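Owing to the predicted nature of the structure, the values given are computational and were not obtained by experimental measurement.
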Amino acid sequence: MSNYIEAGSIIAIATSLTFWQDAFGFDNAFAGLLAALSANAFGAAIGAIIGGPLCDRYGRKFIYTYDLILYMIGVLLAVFAMGPGMLMIAFILTGIAVGAGVPASWTYIAEEAPSDRRAAHVGTAQLAWSVGPAIGFLLAALLEPMELMGSRLIFAHLFVVAFITWWVRRGLSESKSWKNTQALRTKQGDKAAAGRGFKALLGRKQNILALLFLIGVYAFWNTVAGQAGIFMPRVYDASGFTDVQQQFLLQSFLWGMTVVGTFVFMSLGDRMSRRLLFFIGAVMGIAGWVVLVYMPVSPVSLFGFAILWGFASGIGAQAFYGLWTAELFATQYRASAQGFLFFVARIMVGILSYGFPVWLVTLGLHTLGAILIGILAVSLVVGTIWAPNTRGKSLEEIEDERYGKVKDDALA
């Protein structure tokens with residue numbers, strides 16, 4: 001559910017940005033700044049860089065206890081925003097909460113999953129991340145005649161879901177892997193080992209190589225996905241598809257295809273070559289953007305993009321990011337790695353987001369689209385060549401292989 005509301009908040013911003021712009025009278029540059037500071041970019045980056053290490057030091061449940069309180073404050077401010085300043089504060093607070101929650105949720109799910117079903121369990125997070133936008137865009141299409149009031153209602157629904165999620169998740173137990181690691185370190189007299197955060201993370205060659213690999217896989221892919229997540233209505237406008245309600249319906253269909261793709265990932269991620277599955281998703285994603293950018297706008301090109309990019313997002317870089325980040329880092333700094341990677345990815349999104357609305361007008365869709373396709377190509381190459389062979393192995397077995405049998409000394 002945390003993934004549902006986190007992704008849902010990005011879509012709430014995406015579908016409301018034009019309405020806020022019309023109501024408050026700010027220009028495209030300020031719209032880009034709002035997007036860059038939101039849950040889609042810098043706001044989430046700040047939350048991730050803070051939340052990841054805290055998650056390793058104090059436990060996964062510690063973050064769960066507090067992050068949604070900040071989230072609820074943020075979306076409530078958006079519901080009642082009366083000007084650009086109040087809206088910016090709302091987006092920043094929501095973004096920080098999203099960034100803090102993602103490392104905790106993806107790490108927790110992976111640590112609690114059985115070894116032979118880890119992809120299937122990690123896929124549940126990706127599934128919720130896909131359902132949130134599918135419902136968000138559908139609500140936006142239904143409420144589009146209400147314009148800004150409809151957008152405020154979408155934020156209000158996120159507040160209600162967040163409150164219910166916060167209330168229910170208080171009963172979650174702490175991650176067994178984290179508790180076992182803490183107990184072992186305490187027994188050895190090294191109580192602070194799990195709290196060294198980025199210093200410990202960056203002190204091992206294995207970790208640095210894994211971080212570089214996952215930046216290539218996820219951060220580059222997410223730089224494009226982040227623009228699609230929040231600026232897709234403007235991209236459709238640039239392509240000649242301008243009906244707002246139909247844009248929202250098409251986006252809901254696209255995210256429905258992501259749900260389908262995620263079910264495929266959950267079904268095949270523990271059974272077939274992950275390198276091949278990643279390659280298929282990456283190629284489909286690039287093909288989707290080629291269709292949208294270079295084919296004449298028509299139902300064929302629009303649905304072709306929605307099917308290809310939507311399905312690819314379900315079996316692509318984000319699902320594998322959640323899986324590989326859990327597998328390639330030891331328990332005591334697994335969430336710190338998640339936080340660091342999410343920070344880098346969202347910073348890259350934010351840099352492009354800041355100028356995206358202006359560049360879309362000045363450069364045009366063909367030129368900007370070519371840049372996006374080139375960025376996706378980097379993710380395809382890195383993920384296909386250096387995909388790790390971790391399928392079917394327990395997290396403990398992977399740690400032994402990567403850090404050596406005497407891993408407690410190696411990780412100290």
### Task
Give a yes or no on whether the backbone of Gly364 and the side-chain of Thr367 come within a donor-acceptor separation of less than 3.5 Å.
no
### Query
Distance from Leu68 atom CG to Ile63 atom CD1, nearest 0.5 Å?
11.0 Å
### Query
In Å and rounded to the nearest 0.5 Å, what is the CD1 to CG distance from Ile154 to Leu158?
8.0 Å
### Task
Could you tell me whether a side-chain N or O of Thr325 sits under 3.5 Å from a main-chain N or O of Tyr321, the two making a donor and an acceptor?
yes
### Message
Between Leu250 and Tyr236, is there a side-chain heavy-atom distance shorter than 4.5 Å?
### Response
yes
### Query
Residues in salt bridge (Lys or Arg N to Asp or Glu O under 4.0 Å) with Glu147, at least two apart?
none
### Message
So for atom CZ, which belongs to Phe24, do other residues, nucleotides or ligands contribute more than 12 heavy atoms lying within a distance under 6.0 Å?
### Response
yes
### Query
Between Glu401 and Thr390, does a side chain to side chain contact (heavy atoms under 4.5 Å, CB included) hold up when you go through it step by step?
CA-CA 10 Å; Glu401 290 179 0; Thr390 52; over 6 Å; no
### Task
Mark yes or no for whether His366, through its side chain, and Tyr294, through its backbone, hold a donor-acceptor pair below 3.5 Å.
no
### Query
Do Met86 and Ile89 pass the side chain to side chain contact (heavy atoms under 4.5 Å, CB included) test, and can you show the C-alpha distance, the side-chain angles, and the key distance before you say yes or no?
CA-CA 5 Å; Met86 190 173 177; Ile89 294 172; 5.8 Å; no
#### Entry: Atom of Leu87, atom of Ala81 and distance for their closest heavy-atom approach
CD1-CB, 4.0 Å
### Task
State which residues pass salt bridge (Lys or Arg N to Asp or Glu O under 4.0 Å) with Arg118; sequence neighbours excluded, sorted by chain then number.
Glu327
### Query
Does the side chain to side chain contact (heavy atoms under 4.5 Å, CB included) test come out yes or no for Phe253 and Leu138, once each step is laid out?
CA-CA 9 Å; Phe253 172 76; Leu138 183 59; over 6 Å; no
### Query
Below 6.0 angstrom between ring centroids: does that apply to Tyr4 and Trp129?
no
### Query
Could you state the interatomic distance from CG (Leu352) to CG (Asn222), rounded to the nearest 0.5 Å?
11.0 Å
### Message
Quick test of your reading of the model: are Arg334 and Glu399 salt-bridged, counting only N-O distances below 4.0 Å?
### Response
yes
### Query
Taking everything shown except Phe26 itself, do over 12 heavy atoms lie less than 6.0 Å from its CZ?
yes
#### Entry: Whether Gln126 side chain and Thr262 backbone form a donor-acceptor pair below 3.5 Å
no
### Query
Can any side-chain N or O of Gln227 pair as donor or acceptor with the backbone N or O of Thr223 at less than 3.5 Å?
yes
### Query
How long is the span from the OG1 atom in Thr18 to the CG atom in Leu148, to the nearest 0.5 Å?
11.0 Å
### Contact summary for Thr15 and Ser151, nearest pair of heavy atoms
O-OG, 4.1 Å
### Message
Does Phe30 have more than 12 heavy atoms from other residues, nucleotides or ligands lying within 6.0 Å of its CZ?
### Response
yes
#### Entry: Leu376 vs Leu372 side-chain heavy atoms within contact, under 4.5 Å
no
#### Entry: Side chains of Met284 and Trp309 in contact at under 4.5 Å (non-hydrogen atoms)
no
#### Entry: Asp270 side-chain N/O to Ala119 backbone N/O, donor-acceptor pair under 3.5 Å
yes
### Summary
ring pair (Phe, Tyr, Trp, His ring centres under 6.0 Å) with Phe320: of Tyr218, Phe265, Phe213, Trp221, only one passes, and it is Phe265
### Message
Between Glu111 and Lys179, does the salt bridge (charged side-chain N to carboxylate O under 4.0 Å, His left out) criterion hold? Intermediate values first, please.
### Response
CA-CA 11 Å; Glu111 288 180 343; Lys179 288 194 296 184; over 6 Å; no
#### Entry: Arg274 side chain vs Gly269 backbone, donor-acceptor pair below 3.5 Å
yes
### Donor-acceptor contact below 3.5 Å, side chain Ser353 vs main chain Ala36
no
#### Entry: Residue pair Gln338 / Phe343, side-chain heavy-atom distance below 4.5 Å
no
### Task
Please test Trp20 against Phe91 for side chain to side chain contact (heavy atoms under 4.5 Å, CB included), starting from the C-alpha separation and ending with a verdict.
CA-CA 12 Å; Trp20 297 115; Phe91 284 8; 4.2 Å; yes
### Message
Return the CG to CG distance between Leu328 and Leu209, rounded to the nearest 0.5 Å.
### Response
10.5 Å
### Within-4.5 Å side-chain heavy-atom neighbours: Leu202 and Leu211
yes
### Message
Run the salt bridge (Lys or Arg N to Asp or Glu O under 4.0 Å) test against Arg169 and tell me which residues pass, sequence neighbours left out.
### Response
Asp67
### Query
Heavy atoms, side chains only, cut-off 4.5 Å: are Val98 and Ser9 in contact?
yes
### Query
Does the side chain of Met266 come within less than 4.5 Å of Arg117's, by heavy atoms?
no
### Task
Decide yes or no on side chain to side chain donor-acceptor pair (under 3.5 Å) for Asp56 and Ser336, but give the supporting numbers first.
CA-CA 6 Å; Asp56 281 334; Ser336 294; 2.7 Å; yes
### Message
Would the distance check show the side chain of Ser394 and the main-chain N or O of Glu397 forming a donor-acceptor pair, the cut-off being under 3.5 Å?
### Response
yes
### Min side-chain heavy-atom separation Val382-Ile215 under 4.5 Å
no
### Message
Classify the ring geometry of Phe248 against Phe137: parallel below 30°, tilted from 30° to 60°, perpendicular beyond 60°.
### Response
tilted
## Note on the structure
Closest heavy-atom pair, Cys55 versus Ala335, reported as atoms and distance to 0.1 Å, is CB-CB, 3.6 Å
### Query
For the residue pair Phe159 and Tyr71, is the inter-centroid distance of their aromatic rings smaller than 6.0 Å?
no
### Message
Less than 3.5 Å apart, any donor N or O on the side chain of Arg234 or Asn28 sitting next to an acceptor on the other?
### Response
yes
### Query
Roughly how far, to the nearest 0.5 Å, is the CH2 atom of Trp324 from the CG atom of Leu341?
13.0 Å
### Message
Tell me if the CZ atom of Phe241 is crowded by more than 12 foreign heavy atoms within 6.0 Å.
### Response
yes
### Message
Quick check against the 3.5 Å criterion: does Ser252 have a side-chain atom that pairs as donor or acceptor with the backbone of Ala134?
### Response
yes
### Task
Over 60° means perpendicular and under 30° means parallel, so classify the ring planes of Phe231 and Phe356, tilted if in between.
parallel
### Query
Under 3.5 Å, is there a donor-acceptor pair linking the side chains of Asp27 and Gln21?
no
### Query
Shortest non-hydrogen contact from Ala125 to Ile109?
CB-CD1, 3.7 Å
